[in-house]
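This one's a predicted model, so the numbers in the text were calculated from it and none came from an experiment.
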There are 2 protein chains.
Amino acid sequence: MSKCEQCISRQLNSMKTLTTEELRQVSACKSTRFYKKGDVIFDEGESLNGIFCVRSGVAKLTKLSANGKDHTVKLLGKGELLGQRSVISDERTNLSAVAINDIELCYVPKDQLLTHIQGNNAFSLDILRNLATDLRGAEDDLINMAQKSVKQRLTEVLIYVQNTFGHDSEGYLSLVLSREEYASIVGTATESAIRILSQFKKDGLISTTGKQIKIENLEGLKRIG
Amino acid sequence: MSKCEQCISRQLNSMKTLTTEELRQVSACKSTRFYKKGDVIFDEGESLNGIFCVRSGVAKLTKLSANGKDHTVKLLGKGELLGQRSVISDERTNLSAVAINDIELCYVPKDQLLTHIQGNNAFSLDILRNLATDLRGAEDDLINMAQKSVKQRLTEVLIYVQNTFGHDSEGYLSLVLSREEYASIVGTATESAIRILSQFKKDGLISTTGKQIKIENLEGLKRIG
DNA sequence: TAGAAACTATGATATTTGTCATGTTTTGAT
DNA sequence: ATCAAAACATGACAAATATCATAGTTTCTA
């Protein structure tokens, strides 16, 4: 099995502050897990005994609402950690994690995380900073949700997906999401998301080939947000 | 000036994990500040050189939107800390803090906070847990905003205000907010908030005397949320 | 305590968004 | 390659919410 010491993802999160010896310990007890598109990694209300680090693929954090739909709170790509919040505050998860495409995760047991938080101040400080940043992001999202229209929010998500996950040589967004998934992120009805994307096509802001989306006029989109 | 060692508010936040000696240090360099209703404690985009701890009164964190209205993200009462997020991640604030009524705050310089985070593991772990809890709260709020109606959100805010800040002997909510402030918390137009509260009155769920609000039928309200 | 300013109230109307229905296209498994 | 399932598309309509206008009430201050 591959070792944490050589893992590139590590550079992207708090693990980068661990010492060689600490990394060796993590490496020794971590396990790698594979999930297919649509697989549930953990469910809302579960107690986690460890955290997950994304090696490849993309996951989403979602919450089921009263009316049966679910809302996507966050997308997570390479290097990002799942479940650290629940493990740190020792609560059950308030969100489910689902694989958006085939995904490879490293699972690190809870006690490893907690031990190094206790023992390595740089590590805990880095996690502290990450949480602070996440919190700021959540506040910003909340305000967006409260103050912006569905069209504006969808625009921002398109730009975010391009910036975060990139596009292929032809310009199509590398991360392919269904209209339903876009709706779940934006917090609207699937039909509304479809309608707005159709309008964007007519306006020449985007083009599509099946589920694939290509941003044709980034500046035009930005003008909406 | 009063000392931190005897401060009751301390019990309510991470300061409770500081040692006697650490508390003495904090106490030695803290200052107490008074603000009147409506005063700005700090502004969106400011760099903070310290954090604030609420001794008495209530503050709100708000963000100005493009259309000139502002959205209230959080209310803060006795013992709660303002600005810790910005100080920890060493970023400018993304929110403004405003006094909702006359308020007394303790100001603790940044370096005190950071020194004790570095030096006292229990302290930094407690702040970590608090941030994790705040993050969960922000995620829950985001989902509420996305999935619930204005009426449901307003109901929840009324119940929250009663549970958090209590009511007087006659049952009126101790924290008096204008309809505009309720609208800003809920994320709606002031007229919508007024209309819904009027409806609640007609339905016997609440009663009002001027700006004062009294919950008459808690169960009825809960049935809406 | 009078008067101004702020706040509350409510109607009329416009806009945004959601829901339901129905048909077409794309995708993926055999 | 074919077929069923999933996803996309669009119209018609309903519901929720915002906006504008206007008037009454409360609060605060001089």
Side-chain angles (χ1 to χ4, degrees), chain A residues 36-38 65-71 98 100-102 144-155 157-158 172-173 175-203 206-214 224, chain B residues 36-39 65-71 98 100-102 144-155 157-158 172-173 175-203 206-214 224-225:
Chain A
K36 294 204 152 179
K37 178 176 178 175
S65 79
N67 58 42
K69 287 186 186 173
D70 62 15
H71 183 79
V98 178
I100 283 194
N101 44 37
D102 291 356
N144 269 349
M145 188 66 72
Q147 300 186 333
K148 298 197 174 174
S149 68
V150 172
K151 189 186 277 192
Q152 289 175 314
R153 268 140 53 203
L154 182 50
T155 301
V157 171
L158 287 172
Y172 288 99
L173 299 182
L175 179 65
V176 177
L177 298 171
S178 68
R179 307 289 196 266
E180 190 179 4
E181 282 171 319
Y182 275 109
S184 168
I185 296 170
V186 166
T188 189
T190 305
E191 295 94 323
S192 296
I194 289 173
R195 241 180 271 274
I196 290 168
L197 289 174
S198 295
Q199 189 58 49
F200 284 175
K201 270 200 284 190
K202 281 179 193 147
D203 298 344
I206 64 172
S207 63
T208 65
T209 304
K211 289 174 67 171
Q212 303 210 91
I213 294 177
K214 176 172 165 183
I224 291 172
Chain B
K36 294 204 152 179
K37 180 177 177 171
D39 282 356
S65 79
N67 58 42
K69 285 187 187 173
D70 61 17
H71 183 79
V98 178
I100 284 193
N101 43 38
D102 292 357
N144 268 349
M145 189 66 71
Q147 300 185 333
K148 297 196 173 174
S149 68
V150 172
K151 188 187 276 192
Q152 288 175 314
R153 271 140 51 202
L154 184 50
T155 300
V157 171
L158 287 173
Y172 288 99
L173 299 181
L175 180 64
V176 177
L177 299 171
S178 69
R179 307 290 195 265
E180 189 179 5
E181 282 171 317
Y182 275 109
S184 168
I185 296 169
V186 166
T188 189
T190 304
E191 295 94 325
S192 296
I194 288 173
R195 241 180 270 274
I196 291 168
L197 289 175
S198 294
Q199 189 59 48
F200 285 174
K201 271 200 286 190
K202 280 177 194 148
D203 297 344
I206 64 171
S207 63
T208 65
T209 304
K211 290 175 64 171
Q212 303 210 92
I213 294 176
K214 176 172 164 182
I224 291 172

Report, as a single string ordered 5' to 3', how protein heavy atoms within less than 4.0 Å touch nucleotides 13-29 of chain D: B base, S sugar-phosphate only, - not at all. ----SSBB-----SS--

Derivation of the side chain to side chain contact (heavy atoms under 4.5 Å, CB included) call for T208(B) and L197(B): CA-CA 9 Å; T208(B) 65; L197(B) 289 175; over 6 Å; no

Can you check whether S198(A) has a side-chain N or O nearer than 4.0 Å to OP1 or OP2 of dT10(D)? yes

Taking all non-hydrogen atoms of both residues into account, name the closest pair between K201(A) and S207(A) and its distance. CG-CA, 4.3 Å

K211(A) and L173(A): CA distance, side-chain angles, deciding distance, side chain to side chain contact (heavy atoms under 4.5 Å, CB included) verdict: CA-CA 10 Å; K211(A) 289 174 67 171; L173(A) 299 182; over 6 Å; no

Determine whether Y182(B) and L158(B) satisfy the following criterion, side chain to side chain contact (heavy atoms under 4.5 Å, CB included), listing intermediate values before the conclusion. CA-CA 9 Å; Y182(B) 275 109; L158(B) 287 173; 3.8 Å; yes

Protein-nucleotide distance (L177(A), atom CG; dA7(D), atom P), rounded to Å: 12 Å

Roughly, in whole Å, what's the span from CZ in F200(B) to C1' in dT10(C)? 17 Å

Between dT8(C) and K201(B), is there an OP1 or OP2 to side-chain N/O distance shorter than 4.0 Å? no

Step by step, work out the side chain to side chain contact (heavy atoms under 4.5 Å, CB included) result for K148(A) and I224(A). CA-CA 10 Å; K148(A) 298 197 174 174; I224(A) 291 172; over 6 Å; no

Would the distance check show the side chain of R153(A) and the main-chain N or O of V186(A) forming a donor-acceptor pair, the cut-off being under 3.5 Å? yes

Determine: side-chain N/O of R179(B) to OP1/OP2 of dC7(C), distance under 4.0 Å, yes or no. no

Please report the distance, rounded to the nearest Å, between CD1 in I194(A) and C1' in dT24(C). 12 Å

